[in-house]
Amino acid sequence: MMSRIPVIILLTVVWSLLWGAFTPLIVVGGVLVALLVTTVFPFPPVVWTGRIRPWPLTKLIGIFFFEMLLASVQVAWIAIRPAKPPRSAVLCVDLATRSELLLTFTAELISLVPGTLLIELDSQTGHIWLHLLDGSTPEKIERARANALAQELRVIEALGSESEIVACRAGDQS
């Protein structure tokens with residue numbers, strides 16, 4: 001029950017925000033709905049053995065916003081240029097980590113950058129499949145693969161354990 005309390009609080013806040021008020025009746029109703037939801041649809045436990053590292057986390061956020069800005073300009077140019085759209089591609093990337101939390105963070109950050117969309121994530125094998133808006137050349141496909149692996153390394157350096165960092169860097173050199 002203790003592990004469900006933060007989820008119940010969060011769901012109650014969301015419930016109240018959806019109703020647009022924090023009256024006692026709405027809050028009690030939110031708690032009851034949150035209890036029902038967490039009982040009927042229990043969340044799987046999230047295992048996280050890493051720690052937060054402030055400098056790598058700052059680097060992760062900064063590079064993410066820079067990549068998002070750059071990709072937004074590139075996607076806008078593809079949309080307004082007079083040429084026909086480039087060939088798209090589907091790419092499979094084998095990530096080093098098997099942590100569902102770190103895989104999810106990595107996949108979401110990759111997918112939030114315009115021009116790349118997550119199709120599927122397999123947490124058992126560490127494979128992610130990405131759709132690239134511009135996969136017109138082998139160089140662009142390999143650059144997208146390198147960007148995905150670099151994003152994974154930044155996520156692991158910011159939030160992973162020491163063993164995950166070592167494993168990711170070892171996979172980076174092969």
- Message: Suppose we screen for side-chain hydrogen bond (donor to acceptor under 3.5 Å, both in side chains). Which residues come up paired with Glu142, at least two apart in sequence or across chains?
- Response: Arg145
Give the table of side-chain donor-acceptor pairs shorter than 3.5 Å for residues 12-27, with sequence neighbours excluded, one pair per line with atom names and distance.
unit_1 : atom_1 : unit_2 : atom_2 : d
Thr12  : OG1    : Ile8   : O      : 2.7
Trp15  : NE1    : Ile26  : O      : 3.4
Ser16  : OG     : Thr12  : O      : 3.1
Thr23  : OG1    : Ile26  : N      : 3.3

- Walk me through it: do Leu130 and Ile119 pass the test side chain to side chain contact (heavy atoms under 4.5 Å, CB included)? CA-CA 5 Å; Leu130 303 172; Ile119 298 173; over 6 Å; no
- Item | Partner residues of Pro56 under the side chain to side chain contact (heavy atoms under 4.5 Å, CB included) criterion, sequence neighbours left out | Arg53, Glu157, Ala158
If you look only at distance, which donor and acceptor atoms sit under 3.5 Å apart when one is on a side chain in residues 78-96 and the other is two or more places apart or in another chain?
unit_1 : atom_1 : unit_2 : atom_2 : d
Arg81  : NH2    : Lys84  : O      : 3.2

- Query: To which residues is Leu32 joined in a hydrophobic cluster, defined by side-chain heavy-atom contacts under 4.5 Å among Ile, Leu, Val, Met, Phe, Trp and Tyr, whether direct or through other members?
  - Reply: Val28
- Note on the structure: The single option from Thr106, Ile165, Leu101, Ile52 that satisfies side chain to side chain contact (heavy atoms under 4.5 Å, CB included) with Leu159 is Ile52
- Is there a side-chain contact between Leu112 and Phe64, using heavy atoms and a 4.5 Å cut-off? yes
- Heavy-atom pair of closest approach, residues Val155 and Leu60: CG2-CD1, 3.9 Å
- Message: I'd like to know whether Ser99 forms a side chain to side chain donor-acceptor pair (under 3.5 Å) with Thr97, so could you lay out the CA-CA distance, the side-chain angles of the two residues, the decisive distance to 0.1 Å, and finally the verdict.
- Response: CA-CA 6 Å; Ser99 163; Thr97 186; 4.6 Å; no
- Query: Taking C-beta and beyond as the side chain, do Val166 and Glu162 meet within less than 4.5 Å on heavy atoms?
  - Reply: no
- Message: Please report the interatomic distance CG(Leu118) to CG(Leu109), rounded to the nearest 0.5 Å.
- Response: 11.5 Å
- Task: With the side chain counted from C-beta on, respond yes when Glu120 and His127 share a heavy-atom pair under 4.5 Å apart, and no when they do not.
- Result: no
- Report the residues that fulfil side chain to side chain contact (heavy atoms under 4.5 Å, CB included) with Val7, sequence neighbours left out, ordered by chain and then residue number. Leu11, Thr38, Phe43
- Message: Clusters formed by hydrophobic residues whose side-chain heavy atoms approach within less than 4.5 Å: which one holds Ile63, and what are its other members?
- Response: none
- In the single-linkage hydrophobic clustering (I, L, V, M, F, W, Y; side-chain heavy atoms under 4.5 Å), do Leu121 and Leu117 co-cluster? no
- Work out which heavy atom in Cys168 is nearest to a heavy atom in Glu152; give both atom names and the distance. SG-OE1, 3.8 Å
- Would you check if Thr116 and His131 make a side-chain contact, meaning some heavy-atom pair closer than 4.5 Å? no
- Ile110 side, atom CD1; Gln151 side, atom CD - distance, nearest 0.5 Å: 6.0 Å
- Item | Leu36, Leu35, Val37 screened by side chain to side chain contact (heavy atoms under 4.5 Å, CB included) with Val33, the one that passes | Val37
- Can you list the other members of the hydrophobic cluster that holds Phe66, where links are side-chain heavy atoms under 4.5 angstrom apart? Leu70
- Item | Test side-chain hydrogen bond (donor to acceptor under 3.5 Å, both in side chains) applied to Asn147 - qualifying residues, sequence neighbours left out | none
- Which heavy atom in Ile141 sits nearest to a heavy atom in Gly135, and how many Å separate them? CD1-O, 3.7 Å
- Please list, chain by chain and in numerical order, all residues satisfying side-chain hydrogen bond (donor to acceptor under 3.5 Å, both in side chains) with Ser111, sequence neighbours excluded. none
- Query: Any salt bridge between Arg154 and Glu67, counting N to O under 4.0 Å?
  - Reply: yes
- Query: Is Leu10 isolated, or which residues cluster with it under the ILVMFWY side-chain rule of less than 4.5 Å, directly or via members?
  - Reply: none
- Taking only residues two or more places apart in sequence, or in another chain, which ones meet Thr58 in a side-chain hydrogen bond (donor to acceptor under 3.5 Å, both in side chains)? none
- Do Arg98 side-chain atoms and Thr125 backbone N/O form a donor-acceptor pair below 3.5 Å? yes
